[in-house]
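None of these values were measured; they are calculated from a predicted model. The chains referred to below are lettered A, B, ... by the order of the sequence lines, with proteins before strands, and numbering in each begins at 1.
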Amino acid sequence: MPELPEVETTLRGIEPHLLHQRIATVTVREPRLRWPVPAEVSRAGGQQCLGLARRGKYLLLKLEKGGLLIHLGMSGSLRVLEQPESPQKHDHFDIELKNGACLRFNDPRRFGAFLWVEGDMESHELLRDLGPEPLSADFTAQYLYQRSRNRRVAIKNFIMNGHVVVGVGNIYASESLFMAGIHPQRAAGRISLQRYAGLVAAIRDVLGRAIRQGGTTLRDYVNSKGAPGYFAQELLVYERAGKSCFQCGGPVRQKVIGQRSSYYCPACQK
DNA sequence: ATTGACTCCTGATGGC
DNA sequence: TGCCATCAGGAGTCAA
C-alpha cells in the first residue's frame, strides 16, 4: 500500500480536479471497508470542496460544512475519471462532481476507510493524536530522542508507529534504517541523539525522493491517473533478500519484526 | 504506559 | 487445472 509518498502523489493528482469544485452526489456501492461507510457521507452532496490535505496517510477533503476522510489502506487507490466508465470489481464509492468528473475509490482488500467528519477535521479522533509530519520542521532528532527514552520497542516498530511519526510504512522504514546504518531490531531507547539525526535525515531523504518518483509500485499501487510509481528501482534493501548489499556486498537479510517483513544488511546496520 | 499479537480482506504466487 | 499454504504497502484493538 500506499505509504506517505503514495498518498501525497494521490493528493497532488486529485487536488486540481477537486479544489473549488462542487460535489453533486456521493455514491457508495460497496460500503464494506475497514469500518462500514456511514450514510452521512452523502451530506457532501451539493457542497463545494474548499480544500484538500494529507495528514499522515489520511486524505482530507474539506467542505463548506464538515468533510470527508479517506484512507487507502493496503490496496486502495483513487482515480479521477473525466468521463466515468462503468464501475469495476472493488470500486467502493464515487464522488461525482457537478462538472461531470468523478473521483472513484477502488480497494480489493477493504482495509481502506471512507468517513464523514462533522466540524473541524484535525480534531477527529483518528487524527488528533498523530505524531508530526516527517517532512515538517517539527520532526527532529531531538524529538525522536526524547520520545524514545526508556522505550524498548524495536526502532523499526517505533518509527512505523503513527503516534510517534506519521507516514513511515514498511518499505520506507527498512530503507531509512539501512541508510542510517541502524539495525531494525535495536531498542529505540538505545540510540544516540547523533544517530537519530542520521535517521531523521534518511527518512526525509527517502520520502522526498519517493514523492519525486511518484511513489513505489510493488504490486497494485496506482496514482490518480492509473499510472504506477517509479521509486521501486531506487530501493536499497526492500524485497532484496539474499542479494548483495549496495554498500558492502554482503547478503541482504529478511526477518519478521513485529509481524512485518523487514530487510536489512547485518554488516552495515548495528 | 508499553508491548506484542491479532484482526479485518482479496489476490498473486509457488509447490505439489 | 486444481488445491492449499503463504505472503502482501496499514493500523486499530485487545490482553497482559
Short side-chain N/O contact to [N] OP1/OP2 from [X], under 4.0 Å:
{"X": "A:Lys89", "N": "B:dG11", "value": "yes"}
{"X": "A:Gln254", "N": "C:dA8", "value": "yes"}
{"X": "A:Arg219", "N": "B:dG11", "value": "no"}
{"X": "A:Arg109", "N": "B:dG11", "value": "no"}
{"X": "A:His90", "N": "B:dC9", "value": "no"}

With the criterion set at under 5.5 Å between ring centres and under 30 degrees between planes, would C:dA11 be stacked on A:Phe111? no

Answer with base, sugar-phosphate or nothing: what part of the nucleic acid does [X] contact at a heavy-atom distance below 4.0 Å?
{"X": "A:Tyr58", "result": "sugar-phosphate"}
{"X": "A:Gly169", "result": "sugar-phosphate"}
{"X": "A:Phe231", "result": "nothing"}
{"X": "A:Arg32", "result": "nothing"}

Establish, for the pair A:Arg240 and A:Phe178, whether the NZ or CZ atom is under 6.0 angstrom from the six-membered ring centre and no further than 45 degrees off its axis. no

Measure from the side-chain heavy atoms of [X] and tell me the nearest of [options].
{"X": "A:Glu3", "options": "C:dG10, C:dA8, B:dT10", "answer": "C:dG10"}
{"X": "A:Ser261", "options": "C:dG12, C:dA8, B:dT3", "answer": "C:dA8"}
{"X": "A:His71", "options": "C:dA8, C:dG10, B:dT2", "answer": "C:dG10"}

Is the shortest distance from a Lys or Arg side-chain nitrogen in A:Glu234 or A:Arg209 to a carboxylate oxygen in the other one below 4.0 Å? yes

Hey, is the main chain of A:Cys102 close enough, under 3.5 Å, to the side chain of A:Glu96 for a donor-acceptor pair? no

B:dT2 - base-pair partner by Watson-Crick or wobble geometry, distances under 3.5 Å: C:dA16

Value for CD1 (A:Ile14) from CG (A:Leu78), rounded to nearest 0.5 Å, stands at 5.5 Å

Using 30° and 60° as the class limits, which term best fits the ring planes of A:Tyr145 and A:Tyr196: parallel, tilted or perpendicular? perpendicular

